[in-house]
Amino acid sequence: MVRFLEESGDRFKTYDFSTCEVAPELQQWLARCFSRLVGTARTPVKRLRAAGGYFETLQGFARALNRFLPQPVSPGELADVHIRAFVEYYDDRPTRQYSALKRLRTVLRDDPELPEEALQALFGIRVKKPEEVSPGAYVDEDWQAIMTAARRDVRLARERIESGRRLLARWRGGDPSLSRDEAEEGALLDLFDRTADLPRMPRSGDYTAAVLRVGGSRRLAARLCLTRADATAFCLLLTAMTQENFGTVANWPAAHFHPEGARDDERIVLVEESKPRRGPEREHMIAALEHLPDDVADLLGVGAEEPRLMRSPLRLYLLLLSLAELPRRHSGASAAFVSLYLSGSREGRQADRWGVGVAARDVLRWARTHGFPAARNATPGRPGVDVARIRQTALERRRHPVAHSRRTLNDVYLKGSTTVRVESRRVVGAALRQEVAKARVIQSVPVFTAEFVAWARENLGEAAAQAGLEPRTLKDLLDAQRDTAAVACVDHLASPVAEPGQPCPASFLQCLSCENARALPHHLPIQLAVRDGIRQRRPHLDPPVWQARFRAPLQQLEEIVKHFTDAEHEQARANLDTDQQRLVDDLLDGRWDLR
């Protein structure tokens, strides 16, 4: 048997390996392996839940060995077939198969008694890793329902305890305006504040009639203490605000400090937290609690009511410490979350009166009390309360890594989320549609062939109607009155990149992608020269620079020149003069661009 004590010292458990149905020598060997794993100073196993997972894996290994014939009786008899039998034991549970093999490797990797053949099989067998799908974020309606319930509990707890403290202060100050009932209740609150107990009958130990007259011990104690439900609401809100793990927040200490040189700064405090899964070197971390910017607070769905409290992890944490002062004082605990048990079986025993931290069962009880169903019964509008989904929702809304790297945020929390997948498909789809639209614009510059130009000079009105232009505009195009560098422009005061009525400021290369552009035969010499110049510059420029500046214009020019014959190409090259070549060089070297 192996007794495991949590690192915090709060809980322990004894694991009995004699229940494994294998030979006694193998039982003892499994116990030694387990003890070596959980007993070293650098072990990643810090809590009962983790230890229980490894114990369950070794039990599964024992069951697989028990089914194997002939059964091994000592560690020295283990071979690769026994490791394969363990893997096959989980064939009908592929998700558990991967995690079980991973745990078994962790336990046996440094075992000196495991034969080399079995060790090689242990690390040689490959099992497909199940796809990790993190819980999707809550929809806005469900998120608001949970957060509203938690905020309501926090406000009611603050009002209840502050009311009790005011009554206690009035009684201690001898306020003559107190009624008889208020004075009686103030005296009982004073006794509870000093002793954490209330008057009892000498023989039976039951509370006196005075306690019953003010509503009973539960109501009276709750006037000065947080209840488990209150602590749970605080923990849920802080998880949503800080994007930390619920279990990490539940174990925060009450001790905190300000950054060096900022002792009087009330905008931030630092709290030491522990995440054992990160390993001994990275387990201890510092959480910075500060006021959230308004834009981040809006993403969390905080309403207008009490924005200073509900938008600030720092204020909420300090309020928690203040309201839990009495339980912390009498219990001697140093944790931030210390609350009062109100169950009938505990309230009479002083040692069990206080609860430290917040557990999973507290979340289930809180959800049931507030009408939230179990996760399997959740429906739209009636969500289940899942602490993993609460953190997931906060991370998806803020998209900022907390207590992990940017890579972990993207690959673990966001990549596997169904919500993010749907959103990503929408974003990618919109981007692709935009690029397709841009490509269609690039490839759609109207080209007026020589035949069309000759016909238009004789039938200007009909040609203008066919081209969708005003006759005056078409005549200016034919007479080269609206030429830019490589094309003509229908209207330089109707630019898609400038305000209406303002001259177009775009580069002349961008004219090739503009809906106002028109290509005519007299542009062909410059267009061919520009195309050739772009091609010549490609080997001499960084690929990203060439792609960004010249790829789209080159595609457009290729499309335009296809409308002309090879003979027209040859004639155009022969007609290129010195001024046009200088214009081409200036255009490609950027000397025509506005500075």
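On a predicted model such as this, the values are computed, not experimentally measured, just so you know.
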query: Taking atom CG of L101 and atom OH of Y90, what is their separation to the nearest 0.5 Å?
result: 10.0 Å
task: Name the orientation class of the two ring planes belonging to H370 and F372 (parallel below 30°, tilted from 30 to 60°, perpendicular beyond 60°).
output: parallel
task: Kindly indicate, with the supporting measurements, whether the criterion side chain to side chain contact (heavy atoms under 4.5 Å, CB included) is fulfilled by H400 and R406.
output: CA-CA 8 Å; H400 179 74; R406 172 66 68 176; 4.2 Å; yes
- prompt: Is any side-chain heavy atom of V154 closer than 4.5 Å to a side-chain heavy atom of L319?
  reply: yes
field: Aromatic ring proximity, centroids under 6.0 angstrom, F17 and F55
entry: yes
message: Working to the nearest 0.5 angstrom, can you tell me the gap between F246 CZ and T248 OG1?
response: 10.5 Å
- prompt: Just checking, is any N or O donor in the side chain of D80 or Q120 under 3.5 Å from an acceptor N or O on the other one?
  reply: no
field: W354/C225 under side chain to side chain contact (heavy atoms under 4.5 Å, CB included): CA gap, chis, key distance, verdict
entry: CA-CA 10 Å; W354 314 112; C225 300; 4.0 Å; yes
message: Tell me every residue that passes side-chain contact (heavy atoms from CB on, under 4.5 Å) with S424, counting only those two or more places apart in sequence or in another chain.
response: V420
Parallel, tilted or perpendicular, as decided by the 30° and 60° cut-offs, for the rings of F61 and F86: perpendicular
field: Side-chain touch L188/Y207, heavy atoms, less than 4.5 angstrom
entry: no
message: Applying the salt bridge (charged side-chain N to carboxylate O under 4.0 Å, His left out) criterion to E56, which one of R96, R49, R103 satisfies it?
response: R96
- prompt: Any side-chain heavy atom of D230 within less than 4.5 Å of one from R160?
  reply: yes
message: Just by distance, no angles: are the side chains of R228 and S339 close enough, under 3.5 Å, to form a donor-acceptor pair?
response: yes
message: Any heavy-atom pair between the side chains of F337 and V249 that's under 4.5 Å?
response: yes
task: Any chance you could measure F123, atom CZ, to L108, atom CG, to the nearest 0.5 Å?
output: 8.0 Å
Least distance between heavy atoms, Q27 atom then S18 atom: NE2-O, 3.4 Å
message: Within the 4.5 Å heavy-atom criterion, are F34 and V107 side-chain neighbours or not?
response: no
CG-CG distance between L314 and L238, expressed to the nearest 0.5 angstrom: 10.5 Å
field: L26, L114, L30 screened by side chain to side chain contact (heavy atoms under 4.5 Å, CB included) with P75, the one that passes
entry: L26
query: In this structure, are over 12 heavy atoms from other groups packed under 6.0 Å from R407 atom CZ?
result: no
message: Quick check for you: to the nearest 0.5 Å, what is the distance between R328 atom CZ and L323 atom CG?
response: 9.5 Å
Worked verdict on L224 versus R165 for side chain to side chain contact (heavy atoms under 4.5 Å, CB included): CA-CA 7 Å; L224 297 178; R165 288 176 176 177; 4.0 Å; yes
message: To the nearest 0.5 Å, what is the distance between CG on L119 and CG on L78?
response: 11.5 Å
message: Run the salt bridge (Lys or Arg N to Asp or Glu O under 4.0 Å) test on D111 and R36 for me, step by step, so that the C-alpha distance in whole Å, both residues' side-chain angles and the decisive distance to 0.1 Å come before the verdict.
response: CA-CA 9 Å; D111 181 64; R36 182 173 57 251; 2.9 Å; yes
- request: Identify the two heavy atoms, one from W366 and one from A229, that lie closest to each other, and give their separation to 0.1 Å.
  value: CD1-O, 3.5 Å
message: Within the 3.5 Å criterion, strictly below it, is a donor on D197 or T195 matched to an acceptor on the partner's side chain?
response: no
query: Salt bridge check: are R67 and E88 linked by an N-O gap of less than 4.0 Å?
result: no
message: Applying salt bridge (Lys or Arg N to Asp or Glu O under 4.0 Å) to R329 and D193, what does each step give before you reach the verdict?
response: CA-CA 10 Å; R329 169 160 43 94; D193 181 68; 2.9 Å; yes
- request: Count the heavy atoms of every other residue, nucleotide or ligand shown that sit under 6.0 Å from CZ of R194, and state whether that count exceeds 12.
  value: yes
task: Could you walk me through whether E273 and W252 pass side chain to side chain contact (heavy atoms under 4.5 Å, CB included), step by step?
output: CA-CA 6 Å; E273 62 183 15; W252 274 353; 3.0 Å; yes
task: Would you check if L270 and H256 make a side-chain contact, meaning some heavy-atom pair closer than 4.5 Å?
output: no
query: Is it the case that more than 12 heavy atoms not belonging to Q71 sit under 6.0 Å from its CD atom?
result: yes
field: Validation row: R397, D140 side chains within 4.5 angstrom (heavy atoms)
entry: yes
message: Between M241 and L289, is there a side-chain heavy-atom distance shorter than 4.5 Å?
response: no
message: Check this for me: does any side-chain nitrogen of one of R399 and E423 sit under 4.0 Å from a carboxylate oxygen of the other?
response: yes
